[in-house]
Amino acid sequence: MAQKPSIPKGTRDFSPTEVAKRNYIFSTIKQVFELYGFQPIETPSFEKSETLMGKYGDEGDRLIFKILNSGDYLNKVDDSLLKIKDSLKITSKISEKALRYDLTVPFARYVVQHQNDIVFPFKRYQMQPVWRADRPQKGRFREFYQCDADVVGSKSLWQEVEFVQLYDAVFSKLKLTGTTIKLNNRKILAGIAEIIGAKDKLIDFTVALDKLDKIGAEGVIKEMLSKGISQDAIHKVQPLFQFNGNNQDKLNQLQDLLEASEEGIQGVKDLRFVIDAVESLGLQSATLELDVTLARGLNYYTGAIYEVTAPEGVKIGSIGGGGRYDDLTGIFGLNDMSGVGISFGLDRIYLVLEELHLFDEVALPKPKVLFINFGELEAAYCMKALIDLRNKGIKSELYPDSAKMKKQLNYANRRAIPFVVIVGENEIVNGNYTLKNMLTGEQKVCTLEDLLKITT
RNA sequence: GUGAUUGUAGCUCAGCUGGUUAGAGCGCCGGAUUGUGGUUCCGGAGGUCGCCGGUUCGAAACCGGUCUUUCACCCCA
């Protein structure tokens with residue numbers, strides 16, 4: 001046997017049924033995106049390294065797939081550099097392109113590059129694969145799809161309200177009820193950090209706080225201490241560790257806690273606006289939850305932070321996330337362009353729908369009629385009928401070879417094709433067709449008109 | 001990147017503490033049945049036991065490395 005074929009770690013093949021299910025999710029998301037006024041764009045699967053590097057933190061840089069330069073790339077590297085074997089330094093010499101790590105940074109690049117042609121506020125959506133050199137595990141792949149919708153050029157909080165509704169609309173349409181849309185605001189996190197005098201440790205602080213439901217208050221405190229946040233400071237935010245009540249209660253508690261921080265108060269105000277609006281407009285199937293521990297986030301979020309978790313009982317992590325970023329296009333030289341956006345993790349949504357058996361009605365595209373092939377003459381006769389069937393939109397095909405009847409019928413069975421048309425000498429002489437129902441086994445001789453009528 | 005875990009036929013898996021020519025079920029191909037399927041019966045093909053190296057008289061089994069699978073951490077969709 002030849003070498004056993006396989007695909008790289010963390011990648012997957014998708015067979016027809018899987019593609020059908022994935023397309024169902026894609027088209028649902030796409031419909032809702034367009035319903036909300038977004039327009040599609042696409043960007044290259046790889047970008048210049050400088051566009052991507054440094055945008056996702058050190059951890060992110062490590063996870064970016066680098067593309068080797070073409071040609072004799074090593075020849076151009078200094079011997080001295082090769083000798084010290086510093087991978088980081090050599091990488092920038094031998095690789096100038098990298099695979100897309102997410103859709104937001106390429107989008108920022110796109111906006112800056114096309115700023116003169118874009119009508120602002122610009123609402124775009126994008127559904128494309130992204131790549132991460134991560135170690136795969138449950139619900140985590142090295143190649144996966146993101147479905148993003150972003151608005152740039154508007155600071156309106158109404159937009160943030162709409163994204164909550166959009167999440168709810170998509171999940172409701174997928175019949176995925178019981179999702180939780182978690183909402184937070186970076187300004188609140190900054191406010192808290194300010195109150196405790198750990199403004200410079202905002203990232204460490206938020207990353208630790210984010211783990212509250214996973215490692216508990218003790219674990220969080222331990223991690224904060226190890227990052228150099230003082231005992232005294234931690235004591236001040238103690239209330240956060242047992243935060244409860246409904247969204248309004250939480251808002252009021254935050255209001256008190258953040259009194260001394262101007263930024264924090266602004267965050268509470270923003271959050272209150274969004275929460276009030278969503279609560280008065282109502283959601284179909286999702287629950288909106290203010291979660292102060294929500295800190296995931298890419299370093300560029302500056303306002304709202306979203307994260308969607310699957311219904312209780314499905315252990316898959318988040319199935320979507322997003323937020324507001326005021327400074328993103330600034331990196332590429334376009335200032336004062338606020339953006340807010342969300343992302344759907346297609347592959348994870350797939351896993352959740354599968355686990356909850358919500359794919360029932362997704363039909364695999366397959367032919368309805370198979371013409372049995374008895375030979376050249378018969379095949380030619382069948383091809384004529386096929387034209388009529390196909391013109392009427394009836395998915396149909398001719399078995400390509402004049403194989404044994406048994407084999408051809410078996411093929412119809414395996415593919416669950418409901419009708420088979422048998423044409424031999426007799427049928428050709430009489431100008432008719434023998435139609436067989438593969439489910440009931442019934443068969444009858446009929447005209448082309450009957451054939452079209454019955455199989456439609 | 002850290003720590004575990006998995007790998008035997010196309011698929012799901014047996015294969016005892018190292019011991020002849022490595023098995024089963026399903027699937028595939030052919031026949032019983034040359035214009036009638038899903039059932040049944042008969043026959044057949046298909047394996048460098050992930051890969052490389054080591055220990056041994058002898059390795060699918062033991063050891064090392066590597067790749068792969070799954071999982072946790074880090075981080076994230």
Side-chain angles (χ1 to χ4, degrees), chain A residues 1-12 15 25 29 56-64 87-88 100-104 127-148 203 206-208 210-211 214-215 219 223 294-299 306-310 315-323 341-352 370 372-375 378 399 402-428 434-443 445:
Chain A
M1 187 173 68
Q3 174 194 23
K4 202 169 188 172
S6 62
I7 54 176
K9 189 200 291 216
T11 63
R12 295 148 300 155
S15 297
I25 303 174
I29 295 174
Y56 311 100
D58 291 343
E59 189 66 23
D61 282 357
R62 204 195 80 209
L63 297 176
I64 291 174
S87 302
L88 222 69
R100 182 168 59 211
Y101 177 87
D102 74 352
L103 300 178
T104 309
M127 309 200 287
Q128 289 188 281
V130 301
W131 294 269
R132 295 185 188 176
D134 211 352
R135 264 203 210 179
Q137 49 180 283
K138 190 175 183 187
R140 175 180 293 190
F141 309 98
R142 304 225 286 189
E143 177 183 60
F144 62 97
Y145 273 77
Q146 287 191 331
C147 308
D148 279 28
I203 301 274
T206 52
V207 166
D210 188 45
K211 294 176 190 163
K214 207 168 181 178
I215 59 177
E223 179 162 334
L294 177 58
R296 303 228 133 179
L298 303 165
N299 308 355
Y306 302 101
E307 180 171 281
V308 185
T309 53
K315 285 187 188 147
I316 192 89
S318 63
I319 54 176
I342 57 170
S343 178
F344 288 84
L346 177 109
D347 303 82
R348 286 190 178 177
I349 293 171
Y350 181 102
L351 291 172
V352 173
L370 173 75
I372 298 293
N373 187 333
F374 276 136
E378 292 86 346
Y399 194 88
S402 67
K404 284 194 176 131
M405 176 81 113
K406 175 181 172 129
K407 192 169 179 175
Q408 300 194 39
L409 290 177
N410 226 330
Y411 171 84
N413 279 333
R414 292 295 303 274
R415 295 192 62 196
I417 298 172
F419 293 104
V420 155
V421 175
I422 300 163
V423 170
E425 247 179 279
N426 292 340
E427 285 84 356
I428 294 181
T434 297
L435 178 67
K436 182 181 175 75
N437 180 321
M438 292 300 279
L439 277 176
T440 61
E442 258 180 287
Q443 71 181 57
V445 178

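If you're wondering where the values come from, they're calculated on a predicted model, not measured in any experiment. All values below come from the heavy atoms of this structure, side chains included, with hydrogens, waters and symmetry mates left out. Protein chains get the first letters and strands the later ones, always in sequence-line order, with residue 1 at the start of each.
Arg142(A) pairs with exactly one of Lys9(A), Arg135(A), Arg132(A) by the side-chain contact (heavy atoms from CB on, under 4.5 Å) rule, that one being Lys9(A).
Contacts of Glu425(A) classified as salt bridge (Lys or Arg N to Asp or Glu O under 4.0 Å), with partners at least two apart in sequence or in another chain: none. Evaluation of the side chain to side chain donor-acceptor pair (under 3.5 Å) rule for Ser343(A) yields Asp148(A) as partners, not counting sequence neighbours. Every residue meeting the salt bridge (Lys or Arg N to Asp or Glu O under 4.0 Å) condition with Asp347(A), not counting sequence neighbours, appears here in chain and number order: Arg12(A), Arg22(A). Remark: Lys406(A) pairs with no residue by the salt bridge (Lys or Arg N to Asp or Glu O under 4.0 Å) rule, at least two apart or across chains.
Note on Gly322(A): nothing from the nucleic acid sits closer than 4.0 angstrom, heavy atoms only. At the heavy-atom level, Gly60(A) lies nowhere under 4.0 Å from the strands shown. Residue contacts for Val207(A): at a heavy-atom cut-off of 4.0 Å it reaches the sugar-phosphate backbone alone, with no base atom in range. Across all strands, Ser318(A) comes closer than 4.0 Å only to sugar-phosphate atoms, never to a base (heavy-atom distances).
Nearest heavy atoms, Ala412(A) versus Leu370(A): CB-CD2, 3.8 Å.
Atom CD1 of Ile422(A) sits about 9.5 Å away from atom CD of Gln408(A), to the nearest 0.5 Å. Remark: Asp134(A) CG to Leu63(A) CG distance equals 5.0 Å, nearest 0.5 Å. Put simply, OG1 on Thr104(A) and CD on Gln146(A) are 6.5 Å apart, with the number rounded to the nearest 0.5 Å.
When each of Asp347(A) and Gln137(A) is assigned the nucleotide of RNA chain B with its nearest heavy atom, Gln137(A) is the one assigned upstream, toward the 5' end. The 5' end of RNA chain B is approached more closely, in terms of each residue's nearest nucleotide, by Thr11(A) than by the other of Thr11(A) and Gly320(A).
Note: CG (Leu294(A)) to P (A77(B)) measures 11 Å, nearest angstrom. Atom CG of Asp61(A) is separated from atom C1' of C74(B) by 15 Å (rounded to the nearest Å). The separation between Phe141(A) atom CZ and A77(B) atom C1' is 10 Å, rounded to whole Å. What separates CG of Asp134(A) from C1' of A72(B) is a distance of 13 Å, to the nearest Å. At whole-Å resolution of the value, CG in Asp210(A) and C1' in C73(B) are 15 Å apart. Put simply, OH on Tyr411(A) is 15 Å from C1' on G37(B), counting in whole angstrom units. For the pair Asp58(A) CG and C76(B) P, the interatomic distance rounds to 12 Å; values are reported in whole Å. Going from atom CD of Glu59(A) over to atom P of U2(B) covers 13 Å, rounded to whole Å.
Rounded to a whole angstrom, the distance from the P atom of A14(B) to that of U6(B) is 12 Å. For the C1' atoms, the distance from G46(B) to A9(B) is 6 Å, rounded to whole Å. A77(B) and U5(B) are spaced 30 Å apart, taking the P atom of each and rounding to whole Å.
Comparing atom distances between the Lys9(A) side chain and each of U68(B), G37(B), G1(B) picks out U68(B) as nearest. Listed candidates were C75(B), G37(B), A77(B). Nearest to the side chain of Lys214(A) is C75(B).
One finds a side-chain N or O of Arg414(A) lying less than 4.0 angstrom from the OP1 or OP2 phosphate oxygen of C28(B).
Between the side chain of Arg135(A) and the base of C73(B), no donor-acceptor pair under 3.5 Å is found. For Arg140(A) against C75(B), a side-chain-to-base donor-acceptor contact under 3.5 Å is present.
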Pairs under 3.5 angstrom, nitrogen or oxygen only, protein versus nucleotides 32-36 of chain B, please.
| from | atom 1 | to | atom 2 | distance (Å) |
| --- | --- | --- | --- | --- |
| G35(B) | O6 | Glu425(A) | N | 3.2 |
| G35(B) | O6 | Glu427(A) | OE1 | 3.2 |
| G35(B) | N1 | Glu427(A) | OE1 | 3.2 |
| G35(B) | N1 | Glu427(A) | OE2 | 3.3 |
| G35(B) | N2 | Glu427(A) | OE2 | 3.2 |
| U36(B) | O2 | Lys436(A) | NZ | 3.1 |
| U36(B) | O2 | Gln443(A) | OE1 | 3.2 |
| U36(B) | N3 | Gln443(A) | OE1 | 2.9 |
| U36(B) | N3 | Gln443(A) | NE2 | 3.1 |
| U36(B) | O4 | Gln443(A) | NE2 | 2.9 |

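Ring geometry for Tyr399(A) versus Tyr411(A): interplanar angle over 60°, hence perpendicular rather than tilted (30 to 60°).
Stem analysis of RNA chain B (Watson-Crick or G-U pairs, both distances under 3.5 Å, runs of at least three) returns B:1-4 with B:70-73, B:10-13 with B:23-26, B:28-32 with B:40-44, B:50-54 with B:62-66.
Lacking a ring centre under 5.5 Å from that of the base six-membered ring together with a plane angle below 30°, Phe344(A) does not count as stacked on A77(B).
Inter-residue side-chain proximity for Tyr145(A) and Val130(A) is flagged as unmet; no heavy-atom pair is nearer than 4.5 Å.
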